[in-house]
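Following: one structure in structure tokens, then a few remarks.
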Amino acid sequence: MKRTRTSKAWMQEHVNDPFVQLARKEGWRSRAAFKLIEMDEKDKLLRRGEVVIDLGATPGGWSQVAAKRVGESGMVLALDLLEMEPIHGVEFIQGDFREEDVLARLEEKLNGRKVGLVMSDMAPNMSGVPLVDQARIMYLAELGLEFSKAHLKPDGAIAVHISNMVL
């Protein structure tokens with residue numbers, strides 16, 4: 001598929017983004033790692049030994065940060081529709097979070113353990129129709145919330161990134 005002028009401009013802006021360059025330099029998979037680090041420093045979301053779930057994990061920036069902060073005694077379970085290169089300390093499940101069998105695999109990995117943090121950066125394929133896209137984004141956020149209600153510890157937290165949208 002031929003790139004449009006808009007996609008070329010986005011790619012140029014992305015490549016020149018100082019956080020993208022810093023992430024590459026520091027070995028993070030994405031600039032999103034800095035967002036989670038900032039949230040964690042402010043709100044103390046990631047604690048040693050905790051179980052963390054990363055929904056919509058690929059390429060793995062949040063999972064990298066989580067694995068480092070929860071340590072070997074913790075557990076990070078990452079899930080995404082897309083493939084993800086392995087990360088030390090992260091168990092990955094490839095599948096659609098909306099499907100029962102994928103949710104069952106995730107719950108099986110938990111083996112009854114309660115979760116300290118659910119992170120969600122799930123995003124649907126965008127249709128270009130703002131009202132449709134907004135509904136799809138909110139549906140995924142609500143699924144993450146329902147999972148959290150069932151699996152979070154009493155002092156657990158959920159962090160959800162909602163895609164930028166122009167309505």
Side-chain angles (χ1 to χ4, degrees), residues 1-24 28-40 42-43 45-46 51-67 76-87 90-107 109-110 115-152 156-167:
M1 179 183 342
K2 187 176 177 183
R3 287 212 170 128
T4 65
R5 227 181 331 190
T6 307
S7 67
K8 286 179 188 173
W10 179 89
M11 183 57 78
Q12 189 65 32
E13 183 179 314
H14 178 74
V15 169
N16 292 327
D17 183 294
F19 285 103
V20 169
Q21 293 173 356
L22 185 59
R24 196 171 293 133
W28 299 115
R29 293 196 174 182
S30 69
R31 71 191 304 273
F34 298 116
K35 294 175 188 174
L36 182 58
I37 290 168
E38 182 179 359
M39 286 188 291
D40 188 41
K42 180 179 179 268
D43 298 317
L45 300 171
L46 297 162
V51 176
V52 176
I53 305 295
D54 187 359
L55 303 172
T58 300
W62 281 11
S63 290
Q64 276 184 300
V65 173
V76 178
L77 296 172
L79 185 140
D80 202 293
L81 272 171
L82 304 174
E83 286 183 54
M84 187 172 85
E85 291 293 318
I87 298 171
V90 177
E91 287 190 59
F92 178 69
I93 298 170
Q94 185 174 358
D96 189 335
F97 185 67
R98 298 170 296 178
E99 296 177 4
E100 287 296 321
D101 64 317
V102 174
L103 180 58
R105 286 182 9 219
L106 181 59
E107 290 172 334
K109 294 267 186 194
L110 280 174
V115 176
L117 176 64
V118 173
M119 307 181 295
S120 177
D121 196 5
M122 292 188 289
N125 291 330
M126 300 303 238
S127 69
V129 179
L131 290 176
V132 171
D133 292 339
Q134 181 182 23
R136 289 177 178 169
I137 289 167
M138 293 312 299
Y139 175 66
L140 291 175
E142 289 170 358
L143 287 178
L145 180 60
E146 288 302 312
F147 177 84
S148 298
K149 286 179 184 177
H151 297 285
L152 277 178
I158 179 172
V160 180
H161 176 250
I162 303 292
S163 300
N164 295 338
M165 288 199 53
V166 177
L167 294 178

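Fair warning: this is a prediction, and the values are worked out from it, not measured in the lab. Each residue takes its place number in the sequence, starting with 1. Excluded from the calculations below are hydrogen atoms, water molecules and symmetry mates; all remaining heavy atoms, backbone and side chain alike, are included.
- Closest approach of Ile87 and Gly60 over heavy atoms only: CD1-O, 3.6 Å.
- The neighbour count for Glu100 CD, taken as heavy atoms of other residues, nucleotides or ligands under 6.0 Å away, does not exceed 12.
- The closest side-chain heavy-atom distance from Val160 to Leu140 is not below 4.5 Å.
- With sequence neighbours left out, Phe147 forms a ring-ring contact (aromatic ring centres under 6.0 Å, His included) with Phe97, His151.
- Side-chain contact check for Leu77 versus Val52: every heavy-atom pair is 4.5 Å or farther apart.
- No side-chain donor-acceptor contact under 3.5 Å links Arg136 to the backbone of Leu131.
- Side chain of Asp121 to main chain of Gly56: no donor-acceptor pair is present (N/O by atom type, distance under 3.5 Å, no hydrogens or angles).
- Among all heavy-atom pairs drawn from Leu106 and Ile93, the shortest one is CA-CD1, 3.7 Å.
- With a 4.5 Å cut-off on side-chain heavy atoms, Glu85 and Phe92 do not count as touching.
- Between Arg29 and Trp62, every side-chain heavy-atom pair lies at or beyond the 4.5 Å cut-off.
- Between atom OG of residue Ser127 and atom CD of residue Gln134 there is a gap of 11.5 Å, rounded to the nearest 0.5 Å.
- In this structure, CD1 in Ile53 is found 11.5 Å from OG in Ser120, a value given to the nearest 0.5 Å.
- Side-chain contact check for Leu117 versus Met119: some heavy-atom pair is nearer than 4.5 Å.
- Nearest heavy atoms, Leu45 versus Ala157: CD2-CB, 3.8 Å.
- Using a 4.5 Å cut-off on side-chain heavy atoms (C-beta onward), Met126 and Ile137 make contact.
- With hydrogens and angles disregarded, a donor-acceptor distance shorter than 3.5 Å links the side chain of Thr58 to the backbone of Leu82.
- For the atom pair CG of Leu145 and CG of Leu143, the computed distance is 9.5 Å after rounding to the nearest 0.5 Å.
- Remark: the backbone N or O of Leu81 is not paired with any side-chain donor or acceptor of Asp96 at under 3.5 angstrom.
- Under 4.0 Å is where a charged nitrogen must lie from a carboxylate oxygen, and between Glu146 and Lys149 at least one such pair does.
- Between Met84 and Gln94, the closest side-chain pair of non-hydrogen atoms is not below 4.5 Å.
- No side-chain heavy atom of Trp28 sits less than 4.5 Å from a side-chain heavy atom of Leu36.
- Scanning all heavy atoms of the two residues, the minimum distance from Val90 to Ser63 falls at CG2-O, 3.8 Å.
- When all heavy atoms are compared, the tightest approach of Leu79 to Gly95 is CD2-O, 3.7 Å.
- Atoms CD and CZ, on Glu91 and Arg105 in that order, are 12.0 Å from each other to the nearest 0.5 Å.
- Applying the 6.0 Å contact sphere to CG of Asp43 captures more than 12 heavy atoms from other residues, nucleotides or ligands.
- Contact between Ala57 and Ala78 at its shortest, heavy atoms only, is CB-CB, 3.6 Å.
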